[in-house]
Every structure is written in structure tokens, then in C-alpha cells.
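Just the heavy atoms: all of them, side chains too, but no hydrogens, waters or symmetry mates, feed the values below. For the single chain, residues carry numbers from 1 onward in sequence order.
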Amino acid sequence: MKAHYLSLALVLSGVVDASPRFPPSVSAIPLPSCTPSRALSVDYVSSVDRQGDAANQAILLINRIKKISALATNPRESIGKQLTPTQIENFENLRSQLIMNQMGQLAESRLQRDDHVMSNAVDNLDGVPINLKNKSSRDGLRLLAAFGIALGKYSMDVMRRPSNTSTCSIDVAFFNAERNATVRLINLERSNEMTMYSRLQEKYKTKGPLEPKKLPSPDREEAAWLNKALIAPLRRDSFDVSAWEDLRRFSHVSRLEYKALRNDIINGNDSSKDSTINKIYASADAETKQTIKVWNAIDSTIPSDQVRLLEMSKKLMNQAKQ
């Protein structure tokens, strides 16, 4: 299936945002439309297109390998003994290119998995009804839970402004969502409802949450109303601010992992000890190290489609040998 057909199929199936004018890249999204869902959808489709092109290239490489292999006609003798040195060199070069191609597709597949999981987490934050029987909803919740988000963790000093806000990016989209949640949180903290709540706390000598059942009327009814009008939204927005910040961190590490694997492909780093991401981890700050651990946890529990295909192939091969 050609890449653009696959992209169309993903749009029609609802995996990505359906739009009559789908931008060619995240940076092409107009800033007013630079939302997390939109940015992740475009990034996902761009990756699928790149993987589709790589798959077409892999077919060409396999066909060329087959042509060289067909020159060895004696099944009782090794291929190497039946080919000329030039043919053997061409065979090995093609095989190396195919391995690099497959690793490149793995990098794209992992990026797509990350976009997919983040998109499901975004749905949870945007108030899309959560269906725990649906794997996608569970994957989004799993990512948020992996960070151990706790109420009150957020500090105004944590919010980092993107280095470039003139064009759309996933980081800018997450930053905008985080900033919107922060504004809502500040407005609630400065609201008349907060003044009313503080007055009741002072009246009953408590700094903790009010328990309406323990209060006399009419304060009981006022406290119950304030819990719904103020405390519930405060908790939601506090959670959202932390969640958007964590998704920004995960997005950053996802791109680090993607670039690191592609760098290893180009440089031929086979040893995990010498891998680019290990070098990045060694010199990273505590926040990035924590997020890399979260990414590793997601990678081990929610494998990408490419990994699933490889595991299925190994399983079929083992069954064929039995």
C-alpha cells in the first residue's frame, strides 16, 4: 500500500484528525489551530508517510538481493562459494542497507506509538469519555500514571517557554494547553468563590478541605456548593497543568529517542553501551533521566506495531521449525 493511501486510511478510520486540508508538517499548522490533538495527528501521518516510503525502498532492496541470490543455483553449496567477490560485496552492501532500512522503520514505528499514546492521554485531559474497556483509553491513562502525577506538584517556576513560538510544534501545542490550564487555575484562586471558601475555613479554624456534613446550616449548603464550584475545578486544573508539563517532557524524550536511533543507524552503533541515547542519559539532568525511564516503561509495556510484527514473525518461524 502506498504511503498516501495509508495516510488516507488512517484519517478515515479516525486514528488521526480528519481535515479537508491536512498540513504537510506540524510547522505548517496555523498557530490558532496549533492544538495538541492537531499537532500529534499531523506528526503521526508524516511519520507514516516516511515509513511507507521506506517500505517501498525495502521491496526494491529485497528484489535486488533475490536477483543476486538466484545466481547461486547449487543448493548443496554455500552461496558465498558460487558468487564472485564483486557479487558478494554487492550482496553484503544490499543486506546492510536493508538492515538500516528496517531500523529506520522501527524508529518511525516507535514515534507513531508515542504520538498515539500521547494523543490518547490528550483525549483524557480534554474530557473525552474514558472507556476502560478500550485499549487506547487505557494506554493514555497508563502514560499519565507512569509519571505519578500528584495534586499540588506543580509550581509556576516549572513552566518553560518554548524556544520558538512563531511556528507550531508539539511542544508549543502542549505549552499553550498548559498555559490555558494555568490561567484557569489562577482565576479560580483569585475568584469570589475562593474568598468565600477561605472565610468558611477561617470561621471553623481549619486549613484543610471543608466537610459540609460536619457544618451547621446554612454553611453546610454553602460548603457543599463551593466544593462543586471551586474545589473540583481546582483539582482538575491542577492535575491538568502537571499533566501537560509531563506530556511536554515525554514528547521531548520521544524525539530524543527517535533522533538517537537514527543517529545510531547512520553511525552503525550496534553496542547498547555506545548507543546515542545512553550517552544522552549519562549527561542529562534529573528531569530528563526520569522521563527517559518513563519512556522505557511505555516502550516495554506498549510495543510499537513494528515490534509486534517482528515478534509475530519470530513466533511463526519457531512454529514452522517444530
Within the 4.5 Å heavy-atom criterion, are [X] and [Y] side-chain neighbours or not?
X: M196; Y: S191; result: no
X: K203; Y: D219; result: yes
X: L144; Y: L125; result: yes
X: L185; Y: S238; result: yes
X: L230; Y: W225; result: no
X: Y281; Y: S275; result: no
X: R236; Y: P233; result: yes
X: L106; Y: R110; result: yes

Subject >> Enclosure of E202 CD (heavy-atom neighbours >12, cutoff 6.0 Å) >> reply: no

Subject >> Over 12 foreign heavy atoms within 6.0 Å of NZ, K214 >> reply: no

Under 3.5 Å, is there a donor on one side chain and an acceptor on the other for [X] and [Y]?
X: Q51; Y: Q112; value: yes
X: S166; Y: N164; value: yes
X: T86; Y: T84; value: no
X: S217; Y: E221; value: yes
X: T288; Y: D285; value: yes

**OP:** Could you please spell out the steps behind the side-chain hydrogen bond (donor to acceptor under 3.5 Å, both in side chains) verdict for N267 and N263?
**Re:** CA-CA 6 Å; N267 295 323; N263 182 73; 3.2 Å; yes

Contact summary for [X] and [Y], nearest pair of heavy atoms:
X: N101; Y: A54; result: ND2-O, 2.9 Å
X: S37; Y: D126; result: OG-OD2, 4.0 Å
X: A223; Y: L215; result: CB-CD1, 3.7 Å
X: L210; Y: P212; result: O-CD, 3.4 Å
X: M194; Y: L188; result: CB-O, 3.5 Å
X: M118; Y: L143; result: CG-CD2, 3.9 Å

Strictly distance-based, threshold 3.5 Å: is any side-chain N or O of [X] a donor or acceptor partner for the main-chain N or O of [Y]?
X: N93; Y: E89; value: yes
X: E108; Y: R50; value: no
X: S300; Y: A297; value: yes
X: E257; Y: S254; value: no
X: S47; Y: D43; value: no
X: Q82; Y: T73; value: yes
X: T291; Y: E287; value: yes

How long is the straight-line distance from [atom2] of [Y] back to [atom1] of [X], given to the nearest 0.5 Å?
X: S96; Y: E92; atom1: OG; atom2: CD; result: 6.5 Å
X: N120; Y: L141; atom1: CG; atom2: CG; result: 9.0 Å
X: R248; Y: S169; atom1: CZ; atom2: OG; result: 8.5 Å
X: L111; Y: H116; atom1: CG; atom2: NE2; result: 13.5 Å
X: L40; Y: S119; atom1: CG; atom2: OG; result: 5.5 Å
X: L98; Y: L60; atom1: CG; atom2: CG; result: 11.0 Å

**OP:** Could you tell me how the ring of F250 sits relative to the ring of F147: parallel (under 30°), tilted (30 to 60°) or perpendicular (over 60°)?
**Re:** perpendicular

ILVMFWY network linking [X] to [Y], side-chain heavy atoms under 4.5 angstrom:
X: F174; Y: I298; value: yes
X: Y258; Y: L247; value: no
X: I29; Y: L31; value: no
X: I79; Y: I62; value: yes
X: F91; Y: M100; value: no

**OP:** Please confirm whether R160 makes a cation-pi placement over W244, using NZ or CZ under 6.0 Å from the six-membered ring centre and within 45° of the ring normal.
**Re:** no

If the threshold is 4.0 Å, N to carboxylate O, is there a salt bridge linking [X] and [Y]?
X: R199; Y: E222; result: no
X: R113; Y: D305; result: no
X: D115; Y: R255; result: yes
X: D246; Y: R249; result: yes

Original post:
Taking only residues two or more places apart in sequence, or in another chain, which ones meet N180 in a side chain to side chain contact (heavy atoms under 4.5 Å, CB included)?
Top reply: R184

Original post:
Should T276 and D264 be marked as a side-chain hydrogen bond (donor to acceptor under 3.5 Å, both in side chains) after you check the CA-CA gap, both sets of side-chain angles, and the distance that decides it?
Top reply: CA-CA 6 Å; T276 303; D264 289 341; 2.6 Å; yes

Subject >> Verdict with supporting geometry, N192 and T195, side-chain hydrogen bond (donor to acceptor under 3.5 Å, both in side chains) >> reply: CA-CA 5 Å; N192 292 332; T195 302; 5.1 Å; no

**OP:** Could you walk me through whether I231 and L226 pass side chain to side chain contact (heavy atoms under 4.5 Å, CB included), step by step?
**Re:** CA-CA 7 Å; I231 302 306; L226 285 171; 5.7 Å; no

